[in-house]
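See structure below.
Only this structure's heavy atoms are used, side chains among them; waters, hydrogens and symmetry mates stay out. Throughout, protein chains are lettered first and strands after them, A, B, ... in sequence-line order, and every chain is numbered starting at 1.
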2 protein chains.
Amino acid sequence: MAESQTRRGRQSPEQRRSQLIGIGLDMLTRRPLHQVTIDEVAAKAGISRSLLFHYFPTKRDYYAEVVRAASRRLLRATRAETGEQNTVEGVVAGYLSFIERRHEPYIALFRSAGTDDWVREIFVETRAALVDELLTALRLVEPTELVRAAVGAWLSFAEELSLEWAQHRVGTREEVLALLIGALRSVVPAEPHGS
Amino acid sequence: MAESQTRRGRQSPEQRRSQLIGIGLDMLTRRPLHQVTIDEVAAKAGISRSLLFHYFPTKRDYYAEVVRAASRRLLRATRAETGEQNTVEGVVAGYLSFIERRHEPYIALFRSAGTDDWVREIFVETRAALVDELLTALRLVEPTELVRAAVGAWLSFAEELSLEWAQHRVGTREEVLALLIGALRSVVPAEPHGS
DNA sequence: CTGCCTATCGAGCAATGCTCAATAGTGCGG
DNA sequence: CCGCACTATTGAGCATTGCTCGATAGGCAG
């Protein structure tokens with residue numbers, strides 16, 4: 001497994017970079033980022049510490065790129081899941097099944113959010129993108145700042161409840177879905193009628 | 001300021017411990033815990049690194065006690081704020097004004113939640129206690145697991161929205177309060193009538 | 001084949017968590 | 001008042017880890 005990531009000999013910068021980021025993504029799902037050492041990553045890649053610093057000026061920059069990559073993956077996956085739906089029910093159901101299937105990387109990503117400001121930043125960017133998806137799916141154009149904030153906060157609610165459900169299966173899927181949709185409806189202004 | 005924490009000479013273990021934890025609490029409000037070094041704390045206390053390890057077997061243990069202390073403070077403060085009220089409106093309003101006044105330590109505490117499992121643990125304990133307060137204030141005895149989970153998730157929602165409001169003042173206080181209460185109502189079963 | 005470009009390495013530095021044996025206040029029995 | 005035990009306190013030192021820098025070596029252009 002460590003070997004599968006290892007390719008000996010001189011390589012092109014792009015290969016190396018993506019290999020290193022790939023390793024980072026892998027580690028990210030196993031434990032909080034800040035307790036992953038450069039030595040470990042280098043060892044898994046079969047290179048020396050120094051080389052990693054040749055590609056990423058600092059540990060932070062490396063982590064930042066890894067987290068960014070994880071965030072992109074996440075957004076793509078959510079979009080794939082909820083892409084066809086554009087009713088509230090569809091989007092929320094998509095979100096829930098997404099978390100049901102992928103709650104581990106999701107947890108991993110958001111667990112690493114608290115660590116430092118530079119991660120936090122990527123984290124809020126990601127959430128902002130998710131909020132946008134939700135808002136357009138809800139056909140709420142030009143929402144007030146308060147509505148944006150409320151939807152962002154609802155996302156916290158949804159994350160927490162969905163993860164709890166995915167991990168401990170408290171309640172039925174339908175009940176959870178009803179709670180999620182009910183909360184969202186109580187928080188955003190009613191959608192405009194008609195198409 | 002560093003001097004105010006400094007007391008020279010031999011001291012009783014209890015004094016030292018509480019002094020050190022006090023310093024930790026102070027640091028906690030300034031930046032994420034995991035980037036506070038033992039050297040720094042020791043310097044502020046006017047003692048050597050070694051002594052800190054005499055009182056706390058490991059850095060983690062020290063941090064854990066600091067976070068626990070912060071958590072206790074937080075719970076006491078919330079209780080003080082919402083103590084008299086026992087309507088939904090009263091509790092939620094109390095919670096909101098609490099965060100309005102004390103959002104910095106609150107942020108500090110929860111920002112350090114993502115770092116490691118041992119902090120996470122204290123964090124969930126604290127949240128569980130808050131959920132209990134809410135449930136009794138809501139006069140919901142013997143809630144189902146799902147209701148507990150939902151209230152816990154609502155707390156995430158409330159945290160996020162209240163902090164956003166406290167920091168950027170998006171919307172009026174009444175609007176935010178209405179959102180909070182509306183969401184909570186939509187999430188828990190109706191309270192029993194009568195007194 | 002020669003020489004340049006650069007991917008790659010190894011040695012070494014500084015910060016930091018942590019250990020351990022030694023030191024120095026403090027209070028108690030005489 | 002003296003000395004002794006107890007322990008708060010220290011300083012030196014070790015291992016890990018993020019990071020630097022000069023040296024090496026593999027591959028491509030000419």
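- Here the side chain of B:Ser162 pairs no donor or acceptor atom with the backbone of B:Glu159 at under 3.5 angstrom.
- Heavy-atom distances to DNA chain D give each of B:Ser12 and A:Val36 a nearest nucleotide, and the one nearer the 5′ end belongs to B:Ser12.
- Each of B:Arg49, B:Arg30, B:Arg31, B:Lys59 was checked for a salt bridge (Lys or Arg N to Asp or Glu O under 4.0 Å) with B:Glu40, and the lone residue meeting it is B:Arg31.
- Running 5' to 3' along DNA chain C, contacts with non-hydrogen atoms of chain A at under 4.0 Å begin and end at C:dT6 to C:dG12.
- Between A:Ala183 and B:Val187 the shortest heavy-atom distance is CB-CG2, 4.2 Å.
- B:Ser156 and B:Arg127 share a side-chain donor-acceptor pair at under 3.5 Å.
- Contacts between residues 48-62 of chain B and DNA chain D, defined by a heavy-atom separation below 4.0 Å, involve B:Ser48, B:Arg49, B:Ser50, B:Leu51, B:His54, B:Tyr55, listed by number.
- For A:Arg17, the side-chain hydrogen bond (donor to acceptor under 3.5 Å, both in side chains) partners at least two apart in sequence or on another chain are A:Glu65.
- Partner A:Arg169 forms a salt bridge (Lys or Arg N to Asp or Glu O under 4.0 Å) with one of A:Glu100, A:Glu175, A:Glu164 and no other, that one being A:Glu100.
- When DNA chain D is scanned in the 5' to 3' direction for atoms under 4.0 Å from non-hydrogen atoms of chain A, the outermost contacting nucleotides are D:dT17 to D:dG26.
- No more than 12 heavy atoms of other residues, nucleotides or ligands lie within 6.0 Å of CZ in A:Arg73, so this atom counts as exposed by the packing criterion.
- When the shell of 6.0 Å around CD of A:Glu125 is examined, it contains more than 12 heavy atoms from other residues, nucleotides or ligands.
- Each ring pair (Phe, Tyr, Trp, His ring centres under 6.0 Å) pair with one or both residues in residues 54-76 of chain A, not counting sequence neighbours, appears once here: A:Phe56-A:Tyr62.
- With sequence neighbours left out, the side-chain hydrogen bond (donor to acceptor under 3.5 Å, both in side chains) criterion links B:Arg101 to B:Glu81.
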